[in-house]
4 protein chains.
Amino acid sequence: MVNSANRKYDKILQSAIEIISEKGLEKTSISDIAKKANVAQGTFYLYFRSKHALIPAIAENLLQLLLKKIKNRSNGKEDFWEILYIIIDETFETTKEYKEVLVLCYGGLAFGYSMETWEAIYSPYYQWFENVLSKAINNNQIVQINVEWHAKMMINLIENVAERLYIAKDHGNTLEETKQELFHFLKRSLTHNPS
Amino acid sequence: MVNSANRKYDKILQSAIEIISEKGLEKTSISDIAKKANVAQGTFYLYFRSKHALIPAIAENLLQLLLKKIKNRSNGKEDFWEILYIIIDETFETTKEYKEVLVLCYGGLAFGYSMETWEAIYSPYYQWFENVLSKAINNNQIVQINVEWHAKMMINLIENVAERLYIAKDHGNTLEETKQELFHFLKRSLTHNPS
Amino acid sequence: MVNSANRKYDKILQSAIEIISEKGLEKTSISDIAKKANVAQGTFYLYFRSKHALIPAIAENLLQLLLKKIKNRSNGKEDFWEILYIIIDETFETTKEYKEVLVLCYGGLAFGYSMETWEAIYSPYYQWFENVLSKAINNNQIVQINVEWHAKMMINLIENVAERLYIAKDHGNTLEETKQELFHFLKRSLTHNPS
Amino acid sequence: MVNSANRKYDKILQSAIEIISEKGLEKTSISDIAKKANVAQGTFYLYFRSKHALIPAIAENLLQLLLKKIKNRSNGKEDFWEILYIIIDETFETTKEYKEVLVLCYGGLAFGYSMETWEAIYSPYYQWFENVLSKAINNNQIVQINVEWHAKMMINLIENVAERLYIAKDHGNTLEETKQELFHFLKRSLTHNPS
DNA sequence: GATGAATGAGTGTTCATTCAT
DNA sequence: CATGAATGAACACTCATTCAT
């Protein structure tokens, strides 16, 4: 039962992600999603309170996926800069695949959802990265900073640069150059030596 | 003729900005906008091809406003850091007032509009700031950087931090602290002295 | 299920026929039809793709009705002239009742629908009448003619004379006289004896 | 003045005919017509009471054109069958060029206009043909018939066969065959010799 | 006569959501 | 749990018509 139920929940969620990726939220109807998930329209409402309720669920799903990948790749690494690069790299990868959906997630539609919901979703990511930052401070790899604020800001920045890249196709800069530019921009700030 | 026409265009645009600020784009109907602008619904379509066409028009309007304020305040200033602070300050002010609308502008709804449209709107801002950065490099106020890329990224970053602040009400940090944190984060990166 | 669904389809169709008969297609709104059929507006679209899709459906419905009546009355009759008169008579009767709607059907709005659709609708009527004509030829009741072309042309002619009669109220000629005139016009042509 | 005014009336009328021929009445807007005629929208209403008022004006225009052509070609001819063939031929030609518009004229949209309007428009054509028929009776070229009724019916029939031909592209029959079939169908009826 | 900006009523259609089965 | 037929509110957009200039 639980398995079958979960399977349906997942199927609906994945269908939603796929269709919204193609057509955007506005042009995606519950009917579309239900059809793709091979369930009746009514079934959608057994798993989601409303169409809007999809957004946090999608965000959670994709963020968990991203965090898992980052953790996997940085597992065992001690060097902060390696980890930072992995974060940039994976964020760019995920953004490439799900840009339409991600824009909904950390973009405008945040409005209308309780901030708590969003905090709850991002909180594991933020906390993990705060930890990473703290360790780097302790190891003297980076300067003293407000860990909490920088965790949020940096994650946000990386996501945004990725988004812009894939929206704008940033004429002139290649993907790898952009990653490098971003990486070094952050590195300079975090390893500042006042003259 | 032109004046009266422009007056109507402006009235509709301002009404749209106000109402969308309150209710969001989706929940704002053309009827709402027309009512507030004291024109007939049909008149809306004399000035805007469609509801969607509002977004770039709003973006242009607000960005011009922001740029004007920034230029005014930084007029005559030579110190890059003063100018940077003004940019941060004014961006935060504008964001505070128009957060709902701005999210539409530099947020997700970018999709679906030709990138050229957006580039055209932001281009004056980008170019002005590229100039500011170039001068700062020449004055040795900041390090050598890719001016074009950094102009875009920095403007984007400032806008995003401002947005997040007003969406999240960033528990724990005050407005001024956030501005300072952001300012110094940027300053550190731009004045990096490798050890 | 099927019954209930069919019942609703029929109810909507009949309501549409009635209202369009009164007000014409343009002035008939889906709302009107739905109200008369006692269903929600949205329900209309479960059974018809669009307002336009009503026309072929109505045509099919009325033509089936007409053909049924003609077949019933001519059932067992062998004399071609009797059958021809029945066709004229029933066409006039149906036209009298549904003139507004029929005009949409075999009149101008034919444009915009695939000819195949119309052929499919009329085809049973044409084929049946081709048969009648063929038998009449074999019985030497009428002269040798191109059965296919004459079937279409004659049905068309009868419908048109009927239409004109009820539109124009043909001053001076009574209903019965018009039928007779038409009947004899056709009879003369089909029984031609060259001098 | 009168000339200039007439020129504008004609320009609007011709523009209307052309556009309606392409797009149909429903999809043709006054704005379209005005644009094509190079006049302001308001000017349309100086020459036509309403959009609907176009229809009789168009009908009159095209029918006068048709009648003129028929009269020109049959001028001096004495043989009824020659004249009948000319009528068929010219009707087919005109229908070919203006089928979309003609359908509006002698088709369904007749409804809603006073029958007197239509009678007035067709009356010159009917009367001329009644005359032709009467002469043919006197010359013993055709049998005794109700001239008034047959004039209307025959003109109507010819128009309808032409319409159908160009709508349906009457598979299998060529244009010339259809004309011949129609011609002989009428001829047989009008030269009937009872056996 | 001519203009064309302004009007605002009118409508087809979509779609999130419900609920009887 | 699952269905999918039914709902009906909501809305962008069109366009014939008017009228001040």
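All chains are named by letter (A, B, ...) in the order of the sequence lines, taking the proteins before the strands, and each is independently numbered beginning at 1. All figures in this text were calculated on a predicted structure; none of them were measured in a lab. The figures here come from the full heavy-atom set of this structure, side chains too, leaving out hydrogens, waters and symmetry mates.
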Between E/dG8 (C1') and B/Asp32 (CG): distance, integer Å: 16 Å
Between E/dG8 (P) and B/Ile12 (CD1): distance, integer Å: 14 Å
Residues forming a side-chain hydrogen bond (donor to acceptor under 3.5 Å, both in side chains) with C/Lys23, sequence neighbours excluded: C/Asp32
Separation of E/dT14 P from A/Lys23 NZ (nearest whole Å): 12 Å
D/Phe48 CZ to E/dA2 C1', straight-line distance once rounded to whole Å: 16 Å
Over all atoms of both residues, closest heavy-atom pair of C/Thr95 and C/Leu102: CA-CD1, 3.5 Å
Between P of F/dG4 and CD1 of A/Ile33, the distance in whole Å: 17 Å
Aromatic plane relationship, B/Tyr9 with B/Tyr47 - under 30° parallel, 30 to 60° tilted, over 60° perpendicular: perpendicular
C/Ser21: side chain to side chain contact (heavy atoms under 4.5 Å, CB included) partners, not counting sequence neighbours: C/Ile17, C/Tyr98, C/Val101
For the student: nearest non-hydrogen atoms of A/Lys51 and A/Leu25, plus distance: NZ-O, 3.3 Å
Side-chain N,O (B/Lys8) to OP1/OP2 (E/dA6) below 4.0 Å: yes
Flag, side chain of D/Thr43 to backbone of D/Val39, donor-acceptor distance under 3.5 Å: no
Distance, rounded to the nearest Å, where C/Tyr9 contributes OH and F/dA6 contributes C1': 18 Å
Sequence-distant partners of C/Lys36, side chain to side chain contact (heavy atoms under 4.5 Å, CB included), two or more places apart: C/Ser15, C/Glu18, C/Ile19, C/Glu22
Residue whose closest nucleotide on DNA chain E lies nearer the 5' end, B/Leu46 versus D/Leu46: D/Leu46
Nearest to side-chain heavy atoms of B/Val39, which nucleotide of E/dG4, E/dT7, E/dA2: E/dT7
Between F/dA6 (P) and C/Arg7 (CZ): distance, integer Å: 11 Å
By side chain to side chain contact (heavy atoms under 4.5 Å, CB included) - contacts of A/Ser123 (at least two apart): A/Gln127
Per-nucleotide protein contact string for nucleotides 12-21 of chain F, where B marks a base within reach and S marks sugar-phosphate only (heavy atoms under 4.0 Å, - for neither): SBB-SBB---
Watson-Crick or G-U stems involving DNA chain F, each at least 3 pairs long, distances under 3.5 Å, ordered by first number: E:2-21 with F:2-21
Within-4.5 Å side-chain heavy-atom neighbours: A/Leu54 and A/Phe44: yes
